[in-house]
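See structure below.
For this chain, numbers begin at 1 and follow the sequence in order. Remember, it's a predicted structure, so these values are computed and weren't measured experimentally.
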Amino acid sequence: MAVSPLSHELSDLCLGKPALRSLSITSTIAEALEVLKTSDDNFVSIWNCDDDDCCSRCVGKVCIVDVICYLCKDENFVSPSIALKQPVSVLLPKIPGLIIHVEPSCSLLEAIDLILEGAQNLVVPIKTRVFNNKRSKQQQKPFCWLTQEDIIRFLLSFIGLFSPISSFSIDTLNIISPNTLTIEYHSPASAAIGAISRALVEQTSVAVVDSERTLIGEISPFTLACCDETVAAALKTLSSMDLMAYIDCGGLPEELVKVVSAKLKEKNMNGMLQHFTVSMSCGGLSSSSSSDEEYSSSSMAVQVSPFSRPGRISRSMSYSARMVRRSEAIVCHPKSSLVAVMIQAIAHRVNYVWVIEEDCSLVGIVTFSDMLKVVRESFETMA
């Protein structure tokens, strides 16, 4: 008899999960930036620490994109060095319930309900041996967190139990959302800053379209999270089309570096110009001949980031074989089955898939949250 996913606790999903890399809420943005540049995770957890370790709580998470969007604010763009000295707490979204602490005994069903209520990360204590030494309390009580991706990946192990729903098209299941974040490719990239911030919170992306809503590509927070904070200069000075070129090249081609530098100088943005120039002189230039480092899969193009920054640790250098997604969007069609879209999203490490017609016109988006709603409803018949 098949084992029901309802019989599993979150401790089953935590097996092999690494301990969270944490940072105090009193840390500066610059300190968070250094942690992110040397981390194997796109996010670092932010903790409200207390003298009594039992009262320490994870209150949020930040990534490079939070820093990029923060630096793009006019008052911060003028003097990024001052902005980076601010406490990391200013980066945290003012939305309650994004991070929830749960016990390892929490059921899978309860976890899904928390995610559908708006939780993005479930913080779970890891059961470990406690040694009699002078290690910090945080090391003695490590935590991991579970995401929507972790839940979906686990549910795929039981996909046969969801038949025939799993074979239904996403159109039939009515889970295609027409509410998408979009920007036209010839528009200034700066016009997408607000949408990028929102996409980061909603764990989606910004679609780049033409005047007829043909999907051309995307500006993905996940992709930007693999870059560094100097992307802020590109966001504030380039068009959306040129920003996509930045993403595809894994860095600014030399001609775009000149454009960005000239526009920063023209706007008298000396603080960001200095920050940008120093970063580029440390090896941030990308040659147009980097195509030999790229390769494509059937439905998505990916590349090994060609960044090489002597004298400092870059985002790409913190990974031995990090695969960085390009601006090419991950797409499906309205008649694609639920299981096919789930596998597609998991395979490409995204929380969403764009839905397009045969002529590439944008229909909408399907997210992990939409998929979990269908799974949650099917659980009612299993209980």
Side-chain angles (χ1 to χ4, degrees), residues 3-25 27 32 35-36 39-50 52-63 66 88 91-93 95-131 135-158 200-203 222 225 342 345-346 349-351 367-369 371-373 375-376 379 382-383:
V3 177
S4 169
L6 293 176
S7 64
H8 288 274
E9 299 178 344
L10 289 193
S11 58
D12 298 325
L13 281 71
C14 293
L15 295 174
K17 294 283 287 185
L20 287 178
R21 192 165 184 181
S22 60
L23 197 66
S24 170
I25 197 170
S27 302
V35 171
L36 286 165
S39 174
D40 286 347
D41 195 347
N42 282 339
F43 291 90
V44 60
S45 60
I46 307 300
W47 290 73
N48 188 3
C49 300
D50 193 277
D52 180 3
D53 189 59
C54 294
C55 297
S56 296
R57 306 283 293 180
C58 179
V59 295
K61 60 179 182 177
V62 297
C63 72
D66 291 301
V88 71
L91 300 180
L92 300 179
I95 303 174
L98 293 180
I99 307 290
I100 301 290
H101 279 253
V102 296
E103 292 300 320
S105 58
C106 176
S107 71
L108 179 61
L109 193 60
E110 291 172 323
I112 292 175
D113 286 339
L114 288 172
I115 288 176
L116 292 179
E117 290 170 5
Q120 289 186 356
N121 295 77
L122 303 179
V123 180
V124 188
I126 300 175
K127 296 178 181 179
T128 59
R129 296 178 181 178
V130 178
F131 298 96
R135 290 184 180 182
S136 69
K137 294 180 180 180
Q138 184 61 36
Q139 286 177 311
Q140 291 180 6
K141 294 184 178 180
F143 292 82
C144 70
W145 59 24
L146 296 175
T147 64
Q148 293 180 10
E149 179 184 344
D150 293 318
I151 302 293
I152 291 290
R153 188 183 297 276
F154 185 76
L155 289 173
L156 277 173
S157 303
F158 303 90
L200 179 62
V201 173
E202 297 178 355
Q203 301 183 88
F222 177 83
M342 290 173 70
I346 287 292
R349 303 299 304 276
V350 291
N351 287 38
T367 66
F368 276 158
S369 182
M371 301 175 201
L372 284 174
K373 288 178 184 177
V375 172
R376 180 62 179 86
F379 273 154
M382 292 184 187

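- Of the inter-residue distances, the one linking M371 atom CE with L156 atom CG reads 9.5 Å to the nearest 0.5 angstrom.
- Atoms CD and CZ, on Q203 and F222 in that order, are 12.0 Å from each other to the nearest 0.5 Å.
- Just one of N351, N121, I152, L122 meets the side chain to side chain contact (heavy atoms under 4.5 Å, CB included) condition when paired with T147; it is N121.
- Using cut-offs of 30° and 60° for the angle between ring planes, the F143 and W47 rings count as tilted.
- Remark: R153 CZ to I151 CD1 distance equals 12.0 Å, nearest 0.5 Å.
- For G118 against L98, the heavy-atom pair with the smallest separation is O-CD2, 3.6 Å.
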Notebook entry, point to check: For I99 and I46, what are the C-alpha separation, side-chain angles and deciding distance, and is it a side chain to side chain contact (heavy atoms under 4.5 Å, CB included)?
Noted result: CA-CA 10 Å; I99 307 290; I46 307 300; over 6 Å; no
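- The two residues R376 and D113 come nearest to each other via the heavy atoms NE-OD1, 2.6 Å.
- No side-chain heavy atom of K17 sits less than 4.5 Å from a side-chain heavy atom of I126.
- Among all heavy-atom pairs drawn from D150 and L146, the shortest one is OD2-CA, 3.4 Å.
- Counting heavy atoms from C-beta on, the side chains of L200 and C63 come closer than 4.5 Å.
- Annotation: the span from S107 atom OG to L10 atom CG amounts to 7.0 Å, rounded to 0.5 Å.
- Closest of all the heavy-atom pairs between S39 and R21 is CA-NH1, 3.7 Å.
- Put simply, the residue from K61, H101, R57 that forms a side chain to side chain contact (heavy atoms under 4.5 Å, CB included) with V123 is H101.
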Margin query: One pair to check against side chain to side chain contact (heavy atoms under 4.5 Å, CB included): F43 and L20. What are the steps and the verdict?
Written below: CA-CA 9 Å; F43 291 90; L20 287 178; over 6 Å; no
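- How far CG of L116 is from NZ of K373: 7.0 Å, rounded to the nearest 0.5 Å.
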Next item on the list: Would you check, one step at a time, whether the test side chain to side chain contact (heavy atoms under 4.5 Å, CB included) holds for F154 with L108?
Entry: CA-CA 10 Å; F154 185 76; L108 179 61; 4.0 Å; yes
Next item on the list: Determine, stepwise, if the pair L155 / L372 fulfils side chain to side chain contact (heavy atoms under 4.5 Å, CB included).
Entry: CA-CA 9 Å; L155 289 173; L372 284 174; 3.8 Å; yes
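- To the nearest 0.5 Å, atom CD1 of residue I25 and atom SG of residue C58 are 10.0 Å apart.
- Across V62 and A32, no two heavy atoms sit closer than the pair CG2-CB, 4.4 Å.
- The only member of V201, I100, I95, L114 that meets side chain to side chain contact (heavy atoms under 4.5 Å, CB included) when paired with Q120 is V201.
- When every heavy atom of Q148 is checked against every heavy atom of F368, the shortest pair comes out as OE1-CB, 3.2 Å.
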